Amino acid sequence: MAEKNDFMKSQLVQDFNKEIAKYNLGPLWEAIPDLMHKQPTPQAAAYLWKWETLHAKLMEAREIFTPERGGERRAIYLQNPGLTYRQPWGWASTTHTLYAAVQLILPGETAPSHRHTQSALRFITNGSGAYSIVQGERIFMEEGDFLITPKGLWHGHGHTGDEPMIWMDCLDIPTIYAIGGTFFENYPEKIEQPSLPDNYSAQRYEGGMVRPIADRIPKVAPLGSYKWSQTLAALEGLSRFEPDPYDGYAVEYINPSNGKTANPTIAAWMQKLPKGFHSKAHRHTSSTIYQVFQGSGYSVINGVRFDWSQGDYFVVPNWAWHEHVAAEDAFLFSVSDIPIMERFEVQREEAYEPNQGHQEIVGEFHALVPEKTR
Ligand code: 1HN
């Protein structure tokens with residue numbers, strides 16, 4: 001072995017490596033350890049954004065920026081500090097595969113219609129009265145609702161209510177960027193006009209888990225919004241039984257016409273962690289972005305404690321050990337790239353075996369909050 005290492009450091013090899021670099025060629029004998037890890041070595045960091053920070057910055061953006069002025073959404077994205085190469089402000093990557101943002105829309109404002117090859121979803125955290133118009137259907141939004149705008153569908157937003165609304169956006173931007181699939185198009189007019197009854201798809205699915213017979217043929221988005229009252233009822237039923245050891249009581253939003261995830265590339269879950277619940281730790285190749293919809297507690301990610309409360313967002317990067325603890329009844333909304341990992345057949349999961357499945361806490365995460373709110 002020593003002989004081999006000495007040889008690899010020899011002038012002969014070093015000179016040759018430099019020589020081929022001039023021709024845009026590379027030596028595999030140097031690159032293998034960086035390319036072929038024994039297991040994933042994520043660049044994304046475990047991270048947490050406090051609600052007070054997100055809210056304060058949206059309120060500042062409210063003064064500076066209007067969708068009318070900028071021709072765009074008033075959305076601020078969550079940039080993972082481990083993935084900041086490419087632009088001074090990062091490259092819209094919350095995990096290596098997914099993007100998440102908080103978006104604020106005020107009464108009377110319009111976010112113009114457009115379509116793109118990225119799939120998008122929204123989770124409504126604050127307020128009501130705004131709508132998304134998706135392929136001609138106005139979908140009115142309330143707290144706890146989950147909405148999809150799968151790839152290729154026209155979508156814009158308007159607000160006919162009387163209070164500010166804030167929601168979470170999630171898109172597969174880094175994934176589509178990495179595979180060279182980015183296409184984007186503005187709608188010819190500012191915002192699409194309704195061509196279907198308001199809340200058409202939610203009305204077709206008012207009863208829950210039965211589908212109109214027309215939807216036996218798989219559709220891209222048979223259901224545009226999943227109402228909080230139905231999600232909550234599902235969790236209440238589920239929580240009469242034993243919780244999942246890793247995720248408590250968790251449900252997945254699905255496409256009722258094909259039984260798969262509501263968006264083809266992004267899984268979305270709502271989970272209830274009852275007060276005192278302490279999950280076991282595990283890790284998986286999929287990465288997850290959480291929004292704390294209600295309640296408080298903490299998660300231990302790779303040994304570091306992340307305290308969370310209502311409105312916070314946090315990231316569990318790919319292949320990071322994690323476990324959750326609820327200080328009070330908590331509802332966590334989350335998105336993950338499980339469907340992407342499954343599509344490539346690299347989804348793997350591993351249980352944390354030592355210490356009855358609980359990590360030792362070796363540090364605490366301190367979130368950045370603006371001076372004024374401290
Ligand atoms: C988008 O279409 C929305 O529709 C939000 O609200 C964020 C970020 C990048 C590209 C498209 C929306 C987005 C986005």
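Because the structure is predicted, anything quoted here is derived from the model rather than measured. Counting starts at 1 for both ligands and their atoms, following the listed order.
Of all protein heavy atoms, the one lying nearest to atom 14 (C) of ligand 1 is Leu171 CD2, 3.9 Å. For atom 2 (O) of ligand 1, the nearest non-hydrogen atom of the protein is His114 NE2, 2.5 Å. Protein heavy atom nearest atom 8 (C) of ligand 1, with residue, atom name and distance: Tyr99 OH, 3.4 Å. Looking from atom 5 (C) of ligand 1 to the surrounding protein, the closest heavy atom is Asp169 OD2, 3.5 Å.
Proximity of a side-chain donor or acceptor of Ser296 to a complementary backbone N or O of Trp308 within less than 3.5 Å is not detected. Between the side chain of Glu192 and the backbone N or O of Gly136, at least one donor-acceptor pair lies under 3.5 Å. Using a distance-only test at 3.5 Å, with no hydrogens or angles considered, a donor-acceptor pair links the side chain of Thr117 to the main chain of Gly181.
Between Arg122 and ligand 1 there is a heavy-atom distance shorter than 4.0 Å. Under the 4.0 angstrom criterion for non-hydrogen atoms, Tyr77 is not in contact with ligand 1.
When only interatomic distances are considered, the shortest N/O to N/O separation between His157 and ligand 1 falls below 3.5 Å. The N/O atoms of His116, backbone and side chain alike, include one that comes under 3.5 Å of an N/O atom in ligand 1.
Side-chain atoms of Trp269 and Glu252 form a donor-acceptor pair, as typed in the model, at a separation below 3.5 Å. Side-chain N/O atoms of Ser93 and Asn80 include no donor and acceptor closer than 3.5 Å.
Using a 4.0 Å cut-off between heavy atoms, Ile173 contacts ligand 1 through its side chain alone, with no backbone atom that close.
Other residues, nucleotides and ligands contribute more than 12 heavy atoms inside 6.0 Å of the CZ atom of Phe184.
A cation-pi geometry, defined here as NZ or CZ lying under 6.0 Å from the six-membered ring centre and within 45° of its normal, does not hold between Arg74 and Phe65.
The residue among Met168, Arg73, Glu72 with a heavy atom at the shortest distance from atom 4 (O) of ligand 1 is Arg73.
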